[in-house]
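Per chain, numbering begins at 1; letters A, B, ... match sequence-line order.
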Protein chains: 4
Amino acid sequence: MSGSTRRERVERREEAIVQAAHAVFSELGFDGATIAGIASRAGVAEGTIYLYFKNKNALLEAVVGRFYRQLTDGAASGVESLRGTRRQLEFLARHHLVNCLAHWRILELMMLLYGRVPEYGQDGYYRFNKTYVAVFDGVVRAGIDRGELEPDLSLAIVRDLFYGGLEYSARTQLLRGPDIDGIDVDAIARRLVDMLWAGAQRRPVAAGDDDSTVVDRLEAVADRLERLKT
Amino acid sequence: MSGSTRRERVERREEAIVQAAHAVFSELGFDGATIAGIASRAGVAEGTIYLYFKNKNALLEAVVGRFYRQLTDGAASGVESLRGTRRQLEFLARHHLVNCLAHWRILELMMLLYGRVPEYGQDGYYRFNKTYVAVFDGVVRAGIDRGELEPDLSLAIVRDLFYGGLEYSARTQLLRGPDIDGIDVDAIARRLVDMLWAGAQRRPVAAGDDDSTVVDRLEAVADRLERLKT
Amino acid sequence: MSGSTRRERVERREEAIVQAAHAVFSELGFDGATIAGIASRAGVAEGTIYLYFKNKNALLEAVVGRFYRQLTDGAASGVESLRGTRRQLEFLARHHLVNCLAHWRILELMMLLYGRVPEYGQDGYYRFNKTYVAVFDGVVRAGIDRGELEPDLSLAIVRDLFYGGLEYSARTQLLRGPDIDGIDVDAIARRLVDMLWAGAQRRPVAAGDDDSTVVDRLEAVADRLERLKT
Amino acid sequence: MSGSTRRERVERREEAIVQAAHAVFSELGFDGATIAGIASRAGVAEGTIYLYFKNKNALLEAVVGRFYRQLTDGAASGVESLRGTRRQLEFLARHHLVNCLAHWRILELMMLLYGRVPEYGQDGYYRFNKTYVAVFDGVVRAGIDRGELEPDLSLAIVRDLFYGGLEYSARTQLLRGPDIDGIDVDAIARRLVDMLWAGAQRRPVAAGDDDSTVVDRLEAVADRLERLKT
DNA sequence: CATGAATGAGAGTTCATTCAT
DNA sequence: GATGAATGAACTCTCATTCAT
């Protein structure tokens, strides 16, 4: 039944190729990967790949695109199924961390795409990344609306800290060793969100809050005076 | 005079090669760079490079090592010249951000090293990164000691958020466009530290505690001012 | 009606393929042309071409054969409709020149055939070229018979000069630029025949001989005019 | 002694490569030739060829250029050593014919160059061909000056007939069979020049010369009348 | 009969590395 | 020490030809 029409066979083959490319790019990077390697992994001849993709760059584009789509879908559907800003953020953190650990090289390839496919660059990256990040943005905005988060929060900064923090953490783990399974993703995600939450949650406006600023200024004055002396 | 001994001539040549390699790797990436290109940029013959470095990978190792050393030196000396946890952190943020923007590709190469030089990996990365990050860790620990930061803060998490947030921000900027000069590094660094500070600072357990901290710090300033007089 | 029998449909398809091949070979040369390109131009699938022709070489053979047949037919029918050696030669010159300019690459392919299809070579070329050139030979022989041309003329040499001169002229024009339409084919053909005529015409052995030829020809014209009357 | 300096070794190697390329291009044509084949014939590695020539096209350019230079030199020095327009022309005819027979494919490649190397085309062909053909032009002009040849001769036409005739003759011979040695180059060259000479030599202006034109016109009238009838 | 997806050999080209000078 | 010419393995991509549908 399924898979017997020509159209379906073609689609399955294309998917097989992209999957193989994903795996090989992940292992060896873009330049390290070879079309021959991808082809043999996909179970097709070298030439066949060029029936589906114009060249190696186009294949990279397809791999990254597909990955981003899956990443975004996973994030969106997870968020939808959960209630509560905090729990949604923790899910997103886990989701991102898991994917970073499993597909680190693919995320790097996205950067490569920028320099390698001129007509890509801004457009391609932006399209994919914006839709992905929009899920996070939505959660944060909802948190602000519900009064859980500071209203004049800089979305850009929280986003940088959130995704950057997760990626840096993933990178450190990966560089430590290749046994991903031993990593306690849940704990990392929870603690990272904890700290971010502490910085981003709505603070009661108290009179004493401004003190630290005053002290900072005084310290700066002291610094300057010290330097004048020497 | 200077540079006339054989030893010095050799060292200058080696430095020229590493510098050239840094520049070319930065522009073209590791696989995009060619030994010929690096040699011509360094003003030496291709073969000469192999007198100083076993192969292309060793050259990469040297470039990354030198970069990390400079990065660490810059961070350490900057921190030393400043007082105040907050201001030290802001300096480190600026420093890291500036270097990310200027040498992004080199930071990527570090990851490459991991997969490309098997005997590198853990060892090399750890050695360099640990010393670099130690500067940050020192500042945070001092902050905790001074009671400015939450004592049971997870250093790993703050570090991930700090460096990860900066790098994610840098990446976004770089993907947006190649004109680095238009980026307001100061503002980004300050706001990022602001938010992190909010999440990491010592939280008032009781109303009175808050005041005592302020008083403590003010007294410290007074001390310093008094010392200036004498 | 026409074209509905199986036999006719097959023939039309074969003709379409050869026509497409002619066009593509003309534009891109033999090695530059692709079966895919020819197939799409002919409006058939790639595989279909192999139902009609054993391989690319056979297709080349067919194209050259068809071209030579058309060339020969055009020459023969043109000569038949004209009277007078000189005017026939001028027609042949124009005819050859026009076809050289329009189908230069195809003429080159004929040479290719020689090296590419071993069993072709002598046989194929000779068959086609002999029948084509036979038209010219006939005209020249008739001219000799009528006493207009030198009796012990070397047919081979005149032929070489005639066709060679035209082709060399065509090549020069083509190399000068691709705008064929601006070339004054008539003028070139006429002047080339003029010069050849000067070298090939019956040379007066004595003063009287010249006159008698003129008289002979005039009488022939008179005869024809008389016949028209009746 | 000779050949021991680096500079000389490089020059000998370049010459060896061009020679090998000439031979292989001659045998197999441009597309039929492979870099591997040329390299092995030249006794160098494939990569070495790319030290001397940017790519296959550049190699073709070098081969054609070198051939044309040799052709021109041979023509010029031969003409210089002979006296008498007729004998000079016969020499040029022999020279061209011999070279056509020995290097036919190379002459064809020149045409290829036109379509293949865009920045070549007119310029390259013209430069080479003009200098080559200038030798012939000089001989003819001298003949006119000496009163041996018709003063209002069209140089372009004589040239087309001369070179075209020789090339057509060569082509016919080559297509007949590959045993070049059996061809009586001298006889062909002499007879071809004979005929051209007859058409181009200065003719005594006689009253009867215009007769043939008159007859032509009468024949044309007869033609038209005949056609009206049918 | 017709299709067009699949094949895989083979091409041009690059470049890290070596080694005679 | 320094050079840079030489190497050749390896890569990407093309395309004539086949064959299951």
Side-chain angles (χ1 to χ4, degrees), chain A residues 4-7 9-10 13-14 17 31-40 42-59, chain B residues 6 9-10 13 17 30-40 43-59, chain C residues 6 9-10 13 30-40 43-59, chain D residues 4-7 9-10 13-14 17 30-40 42-59:
Chain A
S4 60
T5 66
R6 184 169 288 194
R7 172 100 187 120
R9 274 216 325 282
V10 162
R13 238 180 162 94
E14 177 162 339
I17 290 170
D31 293 285
T34 67
I35 296 292
I38 293 168
S40 94
V44 299
E46 275 181 71
T48 305
I49 292 195
Y50 288 90
L51 293 178
Y52 292 86
F53 302 95
K54 210 185 90 214
N55 52 29
K56 209 183 173 188
N57 281 336
L59 192 48
Chain B
R6 180 169 298 186
R9 276 214 317 280
V10 163
R13 231 177 168 113
I17 291 171
F30 183 78
D31 292 284
T34 66
I35 296 292
I38 293 167
S40 97
V44 300
E46 284 177 65
T48 306
I49 290 190
Y50 287 87
L51 296 176
Y52 291 85
F53 301 94
K54 205 185 100 216
N55 54 26
K56 207 183 176 187
N57 282 335
L59 194 47
Chain C
R6 180 168 298 186
R9 275 213 320 279
V10 163
R13 232 178 167 114
F30 183 78
D31 292 284
T34 66
I35 296 292
I38 293 167
S40 97
V44 299
E46 284 178 67
T48 306
I49 290 189
Y50 287 87
L51 296 176
Y52 290 85
F53 301 94
K54 205 185 101 217
N55 55 25
K56 208 183 174 187
N57 282 335
L59 195 46
Chain D
S4 59
T5 67
R6 186 169 285 193
R7 172 101 186 118
R9 275 218 322 283
V10 162
R13 239 182 160 90
E14 177 163 340
I17 290 170
F30 184 79
D31 293 285
T34 67
I35 297 291
I38 293 167
S40 94
V44 299
E46 276 180 72
T48 305
I49 293 196
Y50 289 89
L51 294 178
Y52 292 87
F53 301 95
K54 210 186 89 213
N55 52 29
K56 209 182 173 188
N57 280 336
L59 192 47

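- Not a single donor-acceptor pair under 3.5 Å links the side chain of A/Lys54 to the backbone N or O of A/Leu59.
- Within 4.0 Å (heavy atoms only), B/Ala33 reaches sugar-phosphate atoms of the nucleic acid but no base atom.
- Checking the phosphate oxygens (OP1, OP2) of E/dT14, no side-chain nitrogen or oxygen of D/Tyr50 falls inside 4.0 Å.
- The side chain of A/Thr34 approaches F/dC11 more closely than any other nucleotide in the set F/dC11, E/dT3, E/dT7.
- For the atom pair CD1 of B/Ile35 and CD1 of B/Ile17, the computed distance is 9.5 Å after rounding to the nearest 0.5 Å.
- In this structure, the CG atom of A/Asn55 is 17 Å from the P atom of F/dC11, given to the nearest Å.
- The CG-C1' distance, from B/Asn57 to E/dC15, rounds to 14 Å in whole Å.
- With the nearest nucleotide of DNA chain F identified for both B/Val10 and A/Glu46, B/Val10 has the one nearer the 5' end.
- Distances shorter than 4.0 Å separate none of the side-chain N or O atoms of D/Arg13 from OP1 or OP2 on F/dG4.
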So A/Tyr52 and A/Val44, side-chain contact (heavy atoms from CB on, under 4.5 Å) or not? Walk me through it. CA-CA 11 Å; A/Tyr52 292 86; A/Val44 299; over 6 Å; no
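- Between C/Asp31 atom CG and E/dG10 atom P the separation is 16 Å, expressed in whole Å.
- Note: CG (A/Leu59) to P (F/dC11) measures 16 Å, nearest angstrom.
- Place A/Gly47 and B/Gly47 on DNA chain E by their nearest nucleotides, and A/Gly47 ends up nearer the 5' end.
- Inter-residue side-chain proximity for B/Phe30 and A/Asp31 is flagged as unmet; no heavy-atom pair is nearer than 4.5 Å.
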Counting Watson-Crick and G-U wobble pairs with both distances under 3.5 Å, what is the dot-bracket string for DNA chain F, 5' to 3', using [ ] for crossing pairs and | for pairs to another strand? .||||||||||||||||||||
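- Taking only side-chain nitrogens and oxygens, D/Arg9 never comes nearer than 4.0 Å to OP1 or OP2 of F/dG4.
- The residue A/Ile35 sits close only to the backbone: its heavy atoms come under 4.0 Å of sugar-phosphate atoms, none of a base.
- Judged purely by atom type and a 3.5 angstrom limit, D/Lys56 has no side-chain atom pairing as donor or acceptor with the backbone of D/Thr34.
- How far CD1 of D/Ile38 is from CZ of D/Phe53: 10.0 Å, rounded to the nearest 0.5 Å.
- Scanning all heavy atoms of the two residues, the minimum distance from D/Gly43 to D/Arg13 falls at O-NH2, 4.4 Å.
- Per the geometry, NZ belonging to D/Lys54 stands 9 Å off P belonging to E/dT14, to the nearest Å.
- For the OP1/OP2 pair of E/dA6 and a distance below 4.0 Å, the side-chain nitrogens and oxygens of A/Tyr52 include at least one atom meeting the criterion.
- The nearest heavy atom of DNA chain E to A/Ile49 and to D/Lys56 marks one nucleotide each, and the one closer to the 5' end goes with A/Ile49.
- Here B/Ile49 contributes atom CD1 and B/Asn55 contributes atom CG; the two are 11.5 Å apart, rounded to the nearest 0.5 Å.
- A straight line from CZ of C/Phe30 to P of F/dA16 spans 8 Å, rounded to a whole angstrom.
- Taking 4.0 angstrom as the limit, B/Thr48 places a side-chain polar atom (N or O) nearer than this to OP1 or OP2 of F/dT3.
- Rounded to a whole Å, the CZ atom of A/Phe53 is 18 Å from the C1' atom of F/dT14.
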